[in-house]
Q: 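Below you'll find the structure I mean.
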There are 2 protein chains.
Amino acid sequence: MTEKTSPSPAAIKAWARLMRVSRQLMERSEDALKDSSLPPLAWYDVLHELAEAGEGGLRPFQLIERTLFAQYNISRLLARLEADGLVEKLRVADDGRGQTIRITGKGRETRRRMWAVYGRSIAELVGARLSDDDLDTLSALLGRLRHPAALE
Amino acid sequence: MTEKTSPSPAAIKAWARLMRVSRQLMERSEDALKDSSLPPLAWYDVLHELAEAGEGGLRPFQLIERTLFAQYNISRLLARLEADGLVEKLRVADDGRGQTIRITGKGRETRRRMWAVYGRSIAELVGARLSDDDLDTLSALLGRLRHPAALE
DNA sequence: TCTATATAGATGCAGTTGCATCGATAATCG
DNA sequence: CGATTATCGATGCAACTGCATCTATATAGA
C-alpha cells in the first residue's frame, strides 16, 4: 500500500465513476437552476455560507476556506453578488485590508428560491435512488477521501 | 419516496461530500499534471477513448457520448489536439458531414506519459485510502446514481 | 523606528466555456 | 423527385477561469 504508484482496477473504476457521476449530477442541478432562471450553484454555495454565518458576516478568506473556491474566484463572485444586491461589503474596523461580507434580505430570498430547486434536484438525483443507509455509507466512504483527511 | 421534493439530511450530506470530494480530487490530479508540464485531464479522457478505439478511430459524436463533454467542447478540444499533432482528422467516405478522429503515435506517447502521472494520482488519492472492497462498494453506490441508470 | 516580509483582496490578460447559431450533408415524407 | 426536417460539426460572442501580479495594510525583525 505504501508508495504505490499504479492504481488497482477497483481504484480506477471508483475514480472514473466518481468523476463521471459527480459531473453529471452537477450539470443536472445546474440545468434545473437555469430552467428556473436562477443563478448558478456557486452562488448558492456562497449565499449558504453567508446565511449560516448570520449578521456578523464572513471575511472573503473565510469563504475561501469553507467553499474551496480560488481566491480570485471568490473576489469576482462577490463583486457579482454585490452588483446584484445579494450581499453587502462592510469595511472592518480592525483590519484595513479586509472587509466583511454580509448577506442581504434579497440575498436570503434568492437563496431560498434556489434551494427550492436545488433541494429538489438533490432529492430526485440521490435521495430517490439510495436509501438513507446507503447514503450514509456513501458519505462515510467519501469522507475517507477528503484531503486533508479530516475528522468529521 | 415518490415525488419527494425535499431531500433527507443523509441525501444532503452525501451530495455535499460527493461534490466537494470530487472537485478536490480533480484539482489535485490536475495540479499533478501541471507540475509535470502535461496537458489537462480532458485531453487524457479523449486520448484514452481514441487509444481504446484503435486504428479505426472514432467520430466526434461518439466521443461526446463516451466522455459526456459538450459538443462545442469536443469540437475545440479536437482542434487543439490536432494542432498539437496528437490526433488526426480523416474524412469519412459514407458521411460527408462527418470525420473520423484517430490518435497518432505522438498522441499515444502523450497519453502514456499522462497516465504515469494520472495513475499515480489515482493510486495515492483513492487507492491508498480505501481497500479494494470499499472501492467496489463505492463504485456500486455511485453506479446507482448514474443517469440514465445504466446496467454496467 | 525603519525595513523586510506576509497577508487580504483586486485585476489585466490570455485561454476556455457556454450559448446560440450557422453551414453543410443526410434522412424522411408527401 | 422536391421540400422539410434532422444530424454533424464549427464558430462568433459574451461570460468565466486561471495565472500572475499589484496595491494596500499588517506583522515581524534588526
Side-chain angles (χ1 to χ4, degrees), chain A residues 23-24 26-46 49-50 53 57-84 87-102, chain B residues 23-24 26-46 49-50 57-84 86-102:
Chain A
R23 196 167 31 153
Q24 222 172 354
M26 176 92 75
E27 271 172 22
R28 287 232 170 192
S29 52
E30 289 276 16
D31 287 347
L33 288 170
K34 263 178 247 172
D35 290 347
S36 301
S37 303
L38 288 167
L41 270 186
W43 290 36
Y44 181 84
D45 289 345
V46 168
E49 293 298 337
L50 290 174
L58 286 176
R59 301 282 299 267
F61 72 86
Q62 294 177 299
L63 281 169
I64 291 167
E65 292 164 4
R66 284 167 169 73
T67 62
L68 304 185
F69 290 140
Q71 183 268 323
Y72 55 80
N73 223 324
I74 286 289
S75 177
R76 293 199 252 230
L77 183 41
L78 289 176
R80 283 172 231 145
L81 288 170
E82 187 188 28
D84 264 44
V87 307
E88 50 193 353
K89 299 184 174 182
L90 310 169
R91 286 292 142 199
V92 55
D94 57 327
D95 188 340
R97 298 166 299 183
Q99 54 190 293
T100 293
I101 310 296
R102 192 166 61 193
Chain B
R23 196 166 31 154
Q24 222 172 354
M26 176 93 73
E27 271 171 23
R28 287 232 170 191
S29 51
E30 289 276 17
D31 288 347
L33 288 170
K34 262 178 249 174
D35 290 346
S36 301
S37 303
L38 288 167
L41 269 187
W43 290 37
Y44 182 84
D45 290 345
V46 168
E49 294 298 337
L50 290 174
L58 286 175
R59 300 282 301 268
F61 72 86
Q62 293 177 299
L63 282 168
I64 291 167
E65 291 164 3
R66 285 166 168 74
T67 62
L68 303 185
F69 289 141
Q71 183 269 323
Y72 55 80
N73 223 323
I74 285 289
S75 177
R76 293 198 252 229
L77 183 42
L78 289 176
R80 281 172 231 146
L81 288 170
E82 187 188 28
D84 264 43
L86 304 184
V87 306
E88 49 192 355
K89 298 185 175 182
L90 310 169
R91 286 291 143 201
V92 56
D94 58 325
D95 189 338
R97 295 166 301 184
Q99 55 191 294
T100 294
I101 310 297
R102 192 166 61 194

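Quantities reported herein were computed from a predicted structural model and do not represent experimental measurements. Values below: all heavy atoms of this structure, side chains included; hydrogens, waters and symmetry mates excluded. Reminder, nothing fancy here: chain letters follow the sequence lines and each chain counts from 1.
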Q: Quick one: A:Leu33 CG to C:dC19 P, roughly how many Å, whole number?
A: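 About 12 Å, once rounded to whole Å.
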Q: I want to check one thing: is the phosphate of C:dG12, taken as OP1 and OP2, less than 4.0 Å away from some side-chain N or O of A:Arg76?
A: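 Checking A:Arg76 against C:dG12: no side-chain N or O falls below 4.0 Å of OP1 or OP2.
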Q: Tell me whether the OP1 or OP2 atom of C:dA10 has a side-chain N or O from A:Arg80 closer than 4.0 Å.
A: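 Checking C:dA10 against A:Arg80, no side-chain N or O comes under 4.0 Å of OP1 or OP2.
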Q: What is the distance from CG of A:Asp31 to C1' of C:dT17, rounded to the nearest Å?
A: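 Rounded to whole Å, this separation is 14 Å.
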Q: Under 4.0 Å: is that the gap between some side-chain N or O of B:Lys34 and OP1 or OP2 of D:dG18?
A: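 Answer no for this pair, as no side-chain N or O of B:Lys34 is under 4.0 Å from OP1 or OP2.
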Q: How close do B:Leu33 and B:Pro39 get, heavy atom to heavy atom, and via which atoms?
A: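 Here B:Leu33 and B:Pro39 meet closest at CD1-O, 3.6 Å.
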Q: Quick check: do A:Val92 and A:Asp94 have side-chain heavy atoms less than 4.5 Å from each other?
A: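 In contact.
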Q: With a 4.5 Å heavy-atom cut-off, do A:Leu68 and B:Glu27 have their side chains touching?
A: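 No, too far: nothing below the 4.5 Å cut-off.
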Q: Between P on D:dG9 and CD on B:Gln62, what's the gap in Å once rounded to a whole number?
A: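 B:Gln62 atom CD is separated from D:dG9 atom P by 9 Å.
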Q: Between the base of D:dG9 and the side chain of B:Arg91, is there a donor-acceptor distance below 3.5 Å?
A: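 No.
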Q: Choose from C:dA10, D:dC8, D:dC19 the nucleotide whose nearest atom is closest to any side-chain atom of A:Gln99.
A: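 For the A:Gln99 side chain, the nearest candidate turns out to be C:dA10.
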Q: Between P on D:dA10 and CG on B:Leu63, what's the gap in Å once rounded to a whole number?
A: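 In whole Å, D:dA10 P lies 11 Å from B:Leu63 CG.
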Q: Between P on C:dT25 and CZ on B:Phe61, what's the gap in Å once rounded to a whole number?
A: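 In whole Å, C:dT25 P lies 17 Å from B:Phe61 CZ.
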Q: How many whole angstroms separate atom CG of A:Asp95 from atom P of D:dA26?
A: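 In whole Å, D:dA26 P lies 6 Å from A:Asp95 CG.
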Q: Does some side-chain heavy atom of A:Ile101 sit less than 4.5 Å from a side-chain heavy atom of A:Pro60?
A: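 They are in contact (side-chain heavy atoms under 4.5 Å apart), so the answer is yes.
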Q: Using a 3.5 Å distance criterion without hydrogens, assess whether the side chain of A:Glu30 forms a donor-acceptor pair with backbone atoms of A:Pro40.
A: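 The answer is no, because no donor-acceptor pair under 3.5 Å joins these two groups.
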Q: Give me the atom names and distance for the closest heavy-atom approach of B:Arg59 to B:Gln99.
A: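 It is CD-O, 2.9 Å.
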Q: Report, one pair per line, the protein and nucleotides 3-6 of chain D atoms (nitrogen or oxygen only) whose separation is under 3.5 Å.
A:
none

Q: From D:dA10, D:dC16, C:dA10, pick the nucleotide closest to the side chain of A:Lys89?
A: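 Closest of the options to the side chain of A:Lys89: C:dA10.
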Q: Is a donor on one side and an acceptor on the other found under 3.5 Å between the side chain of A:Arg102 and the backbone of A:Lys89?
A: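 Not confirmed, A:Arg102 side chain does not pair with A:Lys89 backbone.
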Q: Can you find a heavy atom in the side chain of B:Leu78 that is under 4.5 Å from one in the side chain of B:Leu63?
A: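 They are in contact (side-chain heavy atoms under 4.5 Å apart), so the answer is yes.
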Q: Which comes earlier along DNA chain C counting from the 5' end, the contact point of A:Leu78 or that of B:Trp43, where each point is its nearest nucleotide?
A: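 The 5'-side residue here is A:Leu78.
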Q: Could you check A:Asp84 against A:Trp43 for side-chain contact (heavy atoms from CB on, under 4.5 Å), going step by step and ending with a plain yes or no?
A: CA-CA 11 Å; A:Asp84 264 44; A:Trp43 290 36; 3.9 Å; yes
Q: What are the two closest heavy atoms between A:Phe69 and A:Ile64, and how far apart are they?
A: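 Looking at all heavy atoms of both residues, the closest pair is O-CG2, 3.4 Å.
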Q: What residues in residues 66-74 of chain A put a non-hydrogen atom under 4.0 Å from any atom of DNA chain D?
A: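 Per residue number, the list reads A:Tyr72, A:Asn73.
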Q: Provide, to the nearest angstrom, the distance between the CD atom belonging to A:Glu65 and the C1' atom belonging to C:dG9.
A: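 Those two atoms, CD and C1', are 14 Å apart.
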Q: How many whole angstroms separate atom CE of A:Met26 from atom C1' of C:dG18?
A: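 My rounded result for the distance is 16 Å.
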